[in-house]
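In listed order, ligands and their atoms are each counted from 1. Reckoned from all heavy atoms, side chains included, excluding hydrogens, waters and symmetry mates. These numbers were taken from a predicted model, which means no experiment stands behind them.
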Amino acid sequence: MSSKGTLYLCATPIGNLEDITLRTLRILKEVDLIAAEDTRRTIKLLNHFEINKPLTSYYEHNQKEKGEYIVRQLLDGKNIALVSDAGTPGISDPGEDLVKRCIENNIKVSSLPGPVAAITGLILSGLSTNRFVFEGFLTVNKRNRQEHLEQIKNDTRTLIFYEAPHKLINTLKDLLQVLGNRNIAVARELTKKFEEVIRCTIEEAIEKFEQDSPKGEFVLIVEGVNPKKLEEQQQRQWQEISIQQHIDMYISQGIDHKEALKRVAKDRGVSKREIYAQQLKKD
Ligand code: SAM
């Protein structure tokens, strides 16, 4: 009985061909088949390294049928390498789906690490790398996009987005509208000849790209909300409602009266005694 093959997730350069690893080169030479998101781009890479292997396309619009085909080949004992159009497979591409299929079929998956645009941009941004969140591409649907940005606007972690050049200015304007005028790093053409990292505010970035139209590939790294500012903003919001409305808000959430008073005191940065005193005055 033949044993199953392995799916190798091979990271490839995001611009500079020297960023390929020795292990990835060896695996690309050894596998039976290479599944590529963009076969034309991958052929150039393979030609450069004089690798001659059968290629098959695996991209967003054929991921179901092609995923099934790849799994059958793996079950048949073939070793297959998966490569993204650039960078790490599974990050903002259909690699995730193929990995799930392999896991469901008890097929071994091996990751060959290498370049990722998001991390390359993050570490050049000068913004906090301590805690960050990868948001990928924002949806183009206006309402969903707005809801998404509303969900993350109070996140204190650094936010990372991918964006295409023709959508960049619109996205920057949406970020400004919902997140406010924060610090941003716009990382362009990473590892390539015209690599550039613009570190400024979102407003300044809009101004810049309205003058020189955006070209190339972009990662946007946006400063998370400052926890102090967030607290001040929340304090201001609480001041807009009365103590009673504040207590009622918690009670309507099913919280008992004693706990509600405790939370109101904490939110408003005052002692519980002060909240009780206000309540008594009112009664
Ligand atoms: N799998 C890739 C990775 O590991 O980063 C990402 C694939 S995603 C389909 C392509 C997006 O990644 C581009 O639209 C751009 O936002 C970002 N990107 C890829 N290469 C880049 C580069 N050299 N400089 C800046 N951004 C890049």
Atom 7 (C) of ligand 1: the protein heavy-atom neighbour that sits closest, reported with distance to 0.1 Å: Ile91 O, 3.7 Å

Nearest non-hydrogen protein atom, atom 3 (C) of ligand 1: Tyr162 OH, 3.5 Å

Glu259 with Arg263: basic N within carboxylate O range, under 4.0 Å: yes

Over 12 non-hydrogen atoms of neighbours within 6.0 angstrom of CZ in Phe132: no

Per-residue contact class, Phe218 against ligand 1 - non-hydrogen pairs under 4.0 Å: backbone

Side chain to side chain donor-acceptor pair (under 3.5 Å), paired with His148, selected from Arg143, Lys153, Glu135: Glu135

Glu231 CD: over 12 foreign heavy atoms closer than 6.0 Å: no

Electrostatic pair Glu217-Lys192, nearest N-O below 4.0 angstrom: yes

Minimum non-hydrogen distance to atom 9 (C) of ligand 1, winning option of Ser92, Pro94, Gly95: Ser92

Salt-bridge criterion met for Glu189 and Lys193 (N-O under 4.0 Å): no

Donor on one side chain, acceptor on other, Asn144 and Thr139, under 3.5 Å: no

Protein heavy atom at shortest distance from atom 20 (N) of ligand 1: Glu217 OE1, 3.4 Å

Nearest-contact summary for atom 2 (C) of ligand 1 - protein heavy atom, Å: Ala86 O, 3.1 Å

Salt bridge Glu96-Lys100, side-chain N to carboxylate O under 4.0 Å: yes

Non-hydrogen atom of Phe161 closer than 4.0 Å to ligand 1: no

Protein contact to atom 18 (N) of ligand 1 [nearest heavy atom, distance to 0.1 Å]: Ala117 CB, 3.4 Å

Any N or O of Ala187 closer than 3.5 Å to N or O of ligand 1: no

Distance from atom 14 (O) of ligand 1 to nearest protein heavy atom, with residue and atom: Phe137 CZ, 3.3 Å

Polar contact flag for Leu190 and ligand 1 (N/O pairs, less than 3.5 Å): yes

Per-atom contacts, ligand 1 versus Val116 - under 4.0 Å to a heavy atom: 4 (O), 5 (O)

Salt bridge flag under 4.0 Å for residues Arg157 and Asp155: yes

Ligand 1 contact on Ser84 by region, counting heavy-atom pairs under 4.0 Å: side chain

Backbone or side-chain N or O of Pro89 under 3.5 Å from ligand 1 N or O: no

Step-by-step salt bridge (Lys or Arg N to Asp or Glu O under 4.0 Å) determination, Asp212 to Lys208: CA-CA 6 Å; Asp212 322 319; Lys208 183 202 158 22; 2.8 Å; yes

Under 4.0 Å to a heavy atom of Thr88 - the qualifying atoms of ligand 1, by number: 1 (N), 3 (C), 4 (O)

Region of Lys192 engaging ligand 1 - heavy atom pairs below 4.0 Å: side chain

Polar contact flag for Thr191 and ligand 1 (N/O pairs, less than 3.5 Å): no

Pair Asp97 + Lys64, salt bridge at N-O below 4.0 Å: no

Proximity flag Val219 to ligand 1, non-hydrogen atoms under 4.0 Å: yes

Pair Phe134 + Tyr162: ring centers closer than 6.0 Å: yes

Atoms of ligand 1, numbered as shown, that sit under 4.0 Å from any heavy atom of Glu189: 23 (N), 24 (N), 25 (C)

